[in-house]
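Below is one structure, written out as structure tokens; the observations come after it.
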Amino acid sequence: MNRIKRTDGTVFTPSKILAVGLNYAEHIEEMRSRRTSEPVIFLKPNSALTSLREPVQIPTQYGSVHHEIELCVLLEKPGFQVSEEKAMDLVGGYGVALDLTLRDIQKKAKERGHPWAIAKGFKGACPVSEFVPAHQVKDVQNLQLTLTVNGQIRQSGNTAQMLFRIPELIAYVSRFFPLEAGDLLLTGTPSGVGPLFPNDTIKAEIESIAAIETKCLGWEDE
Ligand code: MG
């Protein structure tokens, strides 16, 4: 089981990683998709977790692997069927995540109406930073997200642009999933997603949370 760390030294083992797709309007446009009336939820397994401080491992034999920078919410209290009003009481911290996606495989799965499990859940598909305690982040719905690849800005957005905001997302997923301490919630990516290749240098930054530069390696280079 993979664990994550908070900057105060607390360690958590997520029982699940929940993620929302299509939560920024410009990303919906670039995916030629449509806005949904309810959040689009998928899961990544714990085995997809890895540290963003380590080189990002890119599978090279299954088509394109896209970067998606996302604000990651750490839940530190359990909850089931929580209201939006109480949702933020569950939150224990925030981190920077990459929702790595095997885009060609996902595209085929979408066309066929199949699940996204492989496209979103492969080994190393969820690099995360360390987590900052929630009380240290002043306004989580107004944070700049920036992802650069080889020094060029690819993604630039702000958490203010989320279509479903964090309390709505937590309340929504808790209708179906009992939330447990350590669970993670990826909150969607702004526009500018694109492919990563071995030897790329990426910098993932969310204001007030973390700015991490790392390299990409191919699976075979491990
Ligand atoms: Mg995503």
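Here, residue 1 is the first one in the sequence, and each next residue gets the next number. Side-chain atoms are counted along with the backbone in the values below, which use heavy atoms only and exclude waters and symmetry mates. Read the numbers this way: they start at 1 and go in the same order the structure lists the ligands and their atoms.
- Between K86 and K77, every side-chain heavy-atom pair lies at or beyond the 4.5 Å cut-off.
- Shown are the protein N/O/S atoms under 2.8 Å from the Mg ion (ligand 1), given by residue and atom: E68 OE1, E70 OE2, D99 OD2.
- Side-chain atoms of L186 and C126, non-hydrogen and from C-beta on, do get closer than 4.5 Å to each other.
- More than 12 heavy atoms of other residues, nucleotides or ligands lie within 6.0 Å of CD in Q61, so this atom counts as buried by the packing criterion.
- Aromatic ring pairs are classed by plane angle as parallel below 30°, tilted from 30° to 60° and perpendicular above 60°; the pair F42 and W116 is tilted.
- A donor and an acceptor atom, one from each side chain of S191 and Q155, are nowhere located under 3.5 Å apart.
- A distance of 11.0 Å separates CG of L102 from NZ of K108, quoted to the nearest 0.5 Å.
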